[in-house]
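A short worksheet on the structure shown next.
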Amino acid sequence: MLDVLGNLERTHSCGELREGDVGKKVVLMGWVAKKRDFGVLTFIDLRDRDGVTQVVMNEEDAGEAHSKAKNLRGEFVIAVKGEVVMREGTHNAKLATGDIEVHASEILILNDAKVPPFQLEVAGSENLADESTRLKYRYLDLRRPQLQHNIRMRARAVAAIREYFDGRGFIEIETPILLKSTPEGARDFVVPSRIHTGKFFALPQSPQILKQLTMISGFDKYYQIARCFRDEDLRADRQPEFTQLDMEMSFANQEMAYREIEGMFGHVFKLIGVELPAQWPRMTYAEAMRRYGSDKPDLRFEMELVDLSSELTGTDFAPFASVLENKGEIKCITVKGKADHSRKQLEELQEFVKRYGAGALAWIKMGDEITSSLLKVLGESKIAELAAAAEAEKGDLVLIVAGKRSVVAASLGALRVEVAKREDLIDRTAYRPLIVTEFPMFEYDEESDCYAAAHHPFTSPMDEDLEKFTTAVNDDTQHHLLGEVRAKAYDAVINGYECAGGSIRIHQKDIQALNFKALGLTVEKARERFGFFLDALEYGTPPHGGFAAGVERTCMILCGTENIRDVMAFPKTASAQDLMMDSPGEVDTAQLDELGIGIRTE
RNA sequence: GGGGUCGUAGUUCAGUUGGUUAGAACGCCAGCCUGUCACGUUGGAGGUCGCGGGUUCGAGCCCCGUCGGCCCCGCCA
């Protein structure tokens, strides 16, 4: 039934024939994207990764090919021998190959295909099939031009990254995937060992320690396109398995790291014709939190947070008064020209901020008359004062949140982005990078009343804060000062996405010991987990630092998508399953026995 | 762990106050058609309304539970 390929070779792809090729005898191969049957005349849209070419079968001059075409169905794989012919008055402006068509003299049916479980392309719409269906048949979904484009863009981005670092004298070094679990940070994926029953490897959350060891080994400049694994819940921009560009360099300070961030992203973004600035703006973490309520602010729009705390000092309104008493704050954003928000819209926005722990969302509408949810409790003149502080003019909407500092930042910061999306305030053609500097060294965890490493436990404190750091660790009464210690840690942010993060590391064992102590790790515990690394630090470790960039997040921006699955060939669902291969799956008991593992069922 | 939302034909969706035989478009199958490219046209097939239970004379619709997709909070050194 089916034809054999034999020695037949393609002469062109389905996307490259042009007017200049008219008259050539060609061989094309690809998938049947569409068939239009006119009886004695049949048209096929032949698709491959490069594009679509129209193939014509005419009963009069290619009877055999024409009758064979009767059997063709969507997604059949065929080879077409024929001649490139100019289209006369029927060119198709939608196709790159639309000036020509191929008149088939012979068709080979290389393979047939079942009717796909969903239509690969629905004309003129985004009515794609349900994602679970598409994920089950991911190999079919990947045939869609959009995903073809994204996956190829990703390949080009990775190639550009390699090109950049190779050109800068960095050495690509592969580090092991089977590591040792270090129960800090994210949950590990764990791999049992057959040879060492009862013992486990862990998959890398990042090659952090290993890349630092390459500095101790004297490689000076390291990079790797590294697969990382974190057993945490997923998000639209988070998968349990992802790829990062990991780099490290010796004798480095922060500015040197920033230059590599700027250089690498600058090189990569040329792929989409975007010229990022040679030097990115810098902003401290504290300033980002104050102005945007976020450590990854989207700078494509304004709407900065304004502090109303001083205007409300001494207020009688009990909720605000108690917030200020408890060192909280009251802040707002001003939405230009949106005083016409309905009660329903405002309620939706209130529901939105409540997700971040905000108690309520107060508002001022600068309509023909000024109205506000706070009018009764604060009075007209105070409302006018707040509006003035918020720089709200006639027609504007002011949205106010009061509460703990962390809650106000999180809720208003998120609201700022949400409102910008809803009101279409974001310039989709803009790319606004930013380097956020001086991250805090520690994060306070209320539950355990402990300080945890904000970045990771090998991050160097800022020289300026070294004294404070030492005091905080060695003087129990000054422990709270840990919250004020800043680290030589930084993030690269583009359009509100954290694309890279890094730090200058600790290279002196005394400071590393101090840091473990700050984190509540005893010497014994630290040795148990990182002993090999602490040993290494003692053999002449150069000052070093680096960063890791999220390959998927970078590609999301390059491809203009908000979903990480759009830039991964075989992603997992929000519940961390692969619907195509149905993983994770069970293993048979023989396999478990060999590993000395039993499954507890309850 | 929590919240929101969706689940009806292969696909995308509609389905009134709970009421006869659950509809449309695309796709699919068969025929006709010499210039289509969202071809047209004639005819046809295709349904466990996610699953389980309940209320009712009667459930796609109401109630309870459950499973799955997506999004969010927590989490993500």
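Chain letters run A, B, ... following the sequence lines, proteins first and then strands; every chain starts at 1. Values reported hereafter were calculated over all heavy atoms of this structure, with side chains retained and with hydrogens, waters and symmetry mates removed.
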B:rU36 phosphate, OP1 or OP2, under 4.0 Å from A:T90 side-chain N/O: no

Between A:D298 and A:Y292, does any side-chain donor sit less than 3.5 Å from a side-chain acceptor? no

Heavy atoms under 4.0 Å, any strand shown: does A:A452 hit a base, just sugar-phosphate, or nothing? nothing

Does either side chain, that of A:N563 or that of A:T561, offer a donor lying less than 3.5 Å from an acceptor on the other one? no

Contact under 4.0 Å: A:S575 side-chain N or O vs B:rG69 OP1/OP2: yes

At under 4.0 Å between heavy atoms, what does A:R87 touch on the DNA or RNA strands: base, sugar-phosphate, or nothing? base

A:K34 side-chain N/O to B:rC39 phosphate OP1/OP2 under 4.0 Å: yes

Residue-phosphate contact under 4.0 Å: A:Q577 side-chain N/O, B:rG69 OP1/OP2: yes

Report yes or no: is there a donor-acceptor pair, N or O only, under 3.5 Å between the side chain of A:E351 and the base of B:rG3? no

Tabulate protein N/O versus nucleotide N/O from nucleotides 7-10 of chain B, keeping only pairs under 3.5 Å, one per line.
from   : atom 1 : to     : atom 2 : distance (Å)
B:rG10 : O2'    : A:P117 : O      : 2.4
B:rG10 : N2     : A:Q119 : OE1    : 3.1

Per the under-4.0 Å heavy-atom filter, residues of residues 229-237 of chain A near RNA chain B come out as A:R230, A:E232, A:D233, A:R235, A:A236

Protein and nucleotides 45-47 of chain B: nitrogen or oxygen contacts under 3.5 angstrom:
none

A:F38 CZ to B:rC32 C1', straight-line distance once rounded to whole Å: 12 Å

Taking the nucleotide of RNA chain B with the nearest heavy atom to each, does A:L135 or A:Q54 sit closer to the 5' end? A:Q54

With a cut-off of less than 4.0 Å, is there a side-chain N or O of A:R36 near OP1 or OP2 of B:rC39? yes

Using a cut-off of less than 4.0 Å, is there contact between a side-chain N or O of A:R238 and OP1 or OP2 of B:rC73? no

Would you say A:R36 and A:Q54 make side-chain contact, with heavy atoms under 4.5 Å? yes

When you measure from the side-chain N and O atoms of A:N92 to the phosphate of B:rG35, is any distance below 4.0 Å, counting only OP1 and OP2? no

Between B:rU36 atom C1' and A:K94 atom NZ, what is the distance in whole Å? 12 Å

